[in-house]
Number of protein chains: 4
Amino acid sequence: MSNETVAADPPAPSTGRARNPRTHQAILDATVQLLGEVGYQDLSIERVASRAGVGKATIYRWWNSKSALVIEAMERGLPVELPEHTGDPRTDLRAAIQSAVQTYAVGQVGSTVPALAAEVSRDATGAEQLRQFLRPRRDAAREVLHQAAAVGTLPPDVDIETVIDLFIGAIFYRSLVRKLPVDAVMVEQLVELILDGRLPRTIP
Amino acid sequence: MSNETVAADPPAPSTGRARNPRTHQAILDATVQLLGEVGYQDLSIERVASRAGVGKATIYRWWNSKSALVIEAMERGLPVELPEHTGDPRTDLRAAIQSAVQTYAVGQVGSTVPALAAEVSRDATGAEQLRQFLRPRRDAAREVLHQAAAVGTLPPDVDIETVIDLFIGAIFYRSLVRKLPVDAVMVEQLVELILDGRLPRTIP
Amino acid sequence: MSNETVAADPPAPSTGRARNPRTHQAILDATVQLLGEVGYQDLSIERVASRAGVGKATIYRWWNSKSALVIEAMERGLPVELPEHTGDPRTDLRAAIQSAVQTYAVGQVGSTVPALAAEVSRDATGAEQLRQFLRPRRDAAREVLHQAAAVGTLPPDVDIETVIDLFIGAIFYRSLVRKLPVDAVMVEQLVELILDGRLPRTIP
Amino acid sequence: MSNETVAADPPAPSTGRARNPRTHQAILDATVQLLGEVGYQDLSIERVASRAGVGKATIYRWWNSKSALVIEAMERGLPVELPEHTGDPRTDLRAAIQSAVQTYAVGQVGSTVPALAAEVSRDATGAEQLRQFLRPRRDAAREVLHQAAAVGTLPPDVDIETVIDLFIGAIFYRSLVRKLPVDAVMVEQLVELILDGRLPRTIP
DNA sequence: GGTTAAGCGAGACGGTACGTCCGGTCTTATT
DNA sequence: AATAAGACCGGACGTACCGTCTCGCTTAACC
């Protein structure tokens, strides 16, 4: 269901020296480190190579762009944390939404996504890689909503993908575009919107 | 209501020659042109200067970054289109949402916003500029929702800003991050969610 | 009289598989081809290997430098053409000088020699290889001059090596350094200088 | 009579900031230094830039190849030493030949010339630059031989250019191609050849 | 209305990074 | 054991821009 790798590995070579796994891990590690230290914009292939003790050409051999490298590095180095499943729709949905807040409004991943989105805007392959990267982040939420629909907490024909876009989009947009904090109140507003159809209210 | 200029004008010159308006317009025009031709990523100050027939230093004198230049150019060159006000909440909200779709999912502006969001993530001044740029885009929606709350279509204590984040976020995220189209169905889903508390449903 | 091979053969293999003659010929052939197509400067080991269908390491195993490879390739692939011996000193000397013109001012070999000379300037082994490569080219001239001294056309104590340096040097320098053509007039001037002690004259 | 500059300066810019002479001197100085330290082959534009404290692009702006840079650096940094003129043909010719020995068989210039000759072999512009670089080195010799022809020591119709090629070629070829030393004996052999028509003899 | 400071074009400049090529060395599997 | 294939580190290539800095010219603003 999830992709194995995001990188566009060149056609499997039938002969020749095998790919050195240590080298590749070093590159991915260096990428994650630099992402945390200087951010996506100031991360250069040259610095990754130097940090990893690797030739630039080795990086270009296996990844054809900075975005492809960063996506794979984040996949392996910053895995999605899956909250436990209780079975109670409200509890589980709240956990899923809080997980999205963690991802987009707190962690390293979120602040990198706008740059990736911008970078792949003229690159169909990159766009697909980005989609595949985001997919597992949505899986937990999807499962929770499926469960809720199954037990009747949500209507059976609810459009789950759009519901997910609703709360991830709100968190993403408020945090990364408008640069405003996303607090517990907003999480609760989103939970109530989805489970109760109650629009967000201001606190009196 | 909106800011006059986004640029950080240098210290007021007590004497000497004044800023040449023709030069500035040429720079902004060239920026809008290049934004359409090559996109934000490949737009360089050097190309803008060359296209505008202007020295690079003149650009740096009046704008301290590419993002500041682009924001001002978009403000002046790609003004927000304001749909007319009918007084019917459903009609007006639908128009406001469609306007957001136009902005983020169709036009030149939307595809630039992720890049701006990424660029200003480490720059408080830039973040404020971006917020001010986005403000007028929200104003129409805010007014519609105020009106709806006034006539009782929405609860009086509805959190209008969060409602706006909800539908702009969903459109923005689906279109620009997930690179999926935003169609009329989704617009209707958003209208019904806000006015009827009805979660999005799949089409049977 | 001439060396058998210029290459620094690795330590004599006491056991194991022997050097593959087909492979070696393919390498030398590819080298001669590329020398003609792109010249010495742009000839790379990588291209030779690819053209010959051979691994780079195989080349490095048998030749320790590009110059060694090229020298051996030219020895085998572009052999010196020896003019027939008539016994008449003037005819034979003229033929020897014309042969030098062919070598240095017309063929593939000459234009490679400056590059080799430059390359081996800090490499004693390479210098010796270059000397050995050039030796057979001098042999014909030496024999002609010996014969002339024997029959009294030249003084018995003539310094034959220096005489050879004189005419080869003049041809080499004018053609390859000054990039000027070497014509029949100059050949005759050299013949008369050596046999008659007549300095070169301008044509009236 | 001599060229003013070898570099292919871009068309004189009528406007804009003036070329910084200190920067250019620093580049030429660094080139001469590195030429002495590592030789032409291992001299890279990158090292010159780093040594001179200069951006690579600045070098490429004014010189379009390594050879053009090196030629101009040698012209300015390793000027030809002119022996004094006595009026006696034999003395002056000996001095001119010894000067050629200094240049080609001892100094930094000579060992660089084969590399230059090789590099410009497919480049007409470079070939012309090399010719112009060599010209002043020949001027002293030319004047001496003109003088000798004027006073009757040489035939009036002597082909002076070819005579110069003869002795420079012999020195150049023996020293740089055959890697043999050029001693006082050879100088005397060349003087006697030219002034007396006496072929070189071996020392008994 | 003459003086003068600033605006301005052009572009030089030191840097950083780009993406590519090649040099030499080293595995790996094949022959 | 020699080889074809090719991964790998490192160094250099020539180019594009960055943001800053002169130049010399032009022109508006103040005396």
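Just so it is clear, the structure is predicted and the values come from calculations on it, not from any experiment. All chains are named by letter (A, B, ...) in the order of the sequence lines, taking the proteins before the strands, and each is independently numbered beginning at 1.
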Upstream residue (5' side of DNA chain E) when B:Ala18 and A:Glu46 are each assigned their closest nucleotide: B:Ala18
In whole angstroms, the gap separating P of F:dC17 from CD of B:Gln41 amounts to 14 Å
Candidates F:dC13, E:dC8, E:dC21 - which lies nearest the side chain of A:Ala57: E:dC21
Tell me which nucleotide among E:dC18, E:dG11, E:dG7 gets nearest to the side chain of B:Trp62. E:dG7
Taking atom C1' of E:dC18 as reference, at what distance in whole Å does atom CG of A:Asn64 sit? 15 Å
In whole angstroms, the gap separating C1' of F:dC17 from CD1 of B:Ile59 amounts to 13 Å
Report the distance from atom OG of D:Ser67 to atom CD of D:Glu119, rounding to the nearest 0.5 Å. 5.0 Å
Given F:dC18, F:dT22, F:dC8, which nucleotide is nearest the side-chain atoms of D:Arg17? F:dT22
For the side chain of D:Thr23, starting at C-beta, report the closest nucleotide among E:dG14, F:dC13, E:dC8. E:dG14
Does B:Thr58 place a side-chain N or O at less than 4.0 Å from the phosphate oxygens OP1/OP2 of E:dG9? yes
Considering just the side-chain nitrogens and oxygens of C:Arg61, establish if one lies under 4.0 Å of OP1 or OP2 belonging to F:dA2. no
Note: A:Arg51-A:Glu46 ion pair, threshold 4.0 Å (strictly below): no
Mapping C:Gly55 and A:Gly53 onto DNA chain F by nearest heavy atom, which one lands closer to the 5' end? C:Gly55
If I take atom CD in residue A:Gln25 and atom C1' in nucleotide F:dC8, what distance separates them, rounded to the nearest angstrom? 17 Å
5'-most contact on DNA chain E (nearest-nucleotide basis), B:His24 vs D:Val54, goes to B:His24
Which of E:dG7, E:dG23, F:dC18 is nearest the side chain of B:Tyr60? It is F:dC18
Look at the side chain of D:Asn20 and decide which nucleotide, out of F:dA4, F:dC9, E:dC13, has an atom nearest to it. E:dC13
Start at the 5' end of DNA chain F and walk down; is the nucleotide closest to D:Lys66 or to B:Leu43 reached first? D:Lys66
Within this structure, what is the CG-to-C1' distance between C:Asp42 and F:dC13, rounded to whole angstrom? 13 Å
The side chain to side chain contact (heavy atoms under 4.5 Å, CB included) partner of D:Val109 among D:Leu78, D:Leu35, D:Leu116 is D:Leu78
Classify the side chain of D:Lys56 and the base of F:dG14 as holding, or not holding, a donor-acceptor pair under 3.5 Å. yes
Heavy-atom pair with the smallest gap, counting every atom of D:Gln41 and C:Ala118: NE2-CB, 3.1 Å
Taking every heavy atom of C:Lys56 against every heavy atom of C:Ile45, the minimum-distance pair comes out as CG-CG2, 4.4 Å
Taking atom C1' of E:dG24 as reference, at what distance in whole Å does atom CG of C:Leu69 sit? 15 Å
Choose from F:dC9, F:dA12, E:dA17 the nucleotide whose nearest atom is closest to any side-chain atom of D:Arg47. F:dA12
Can you check the B:Arg51 CZ to E:dG9 P distance for me, whole Å? 16 Å
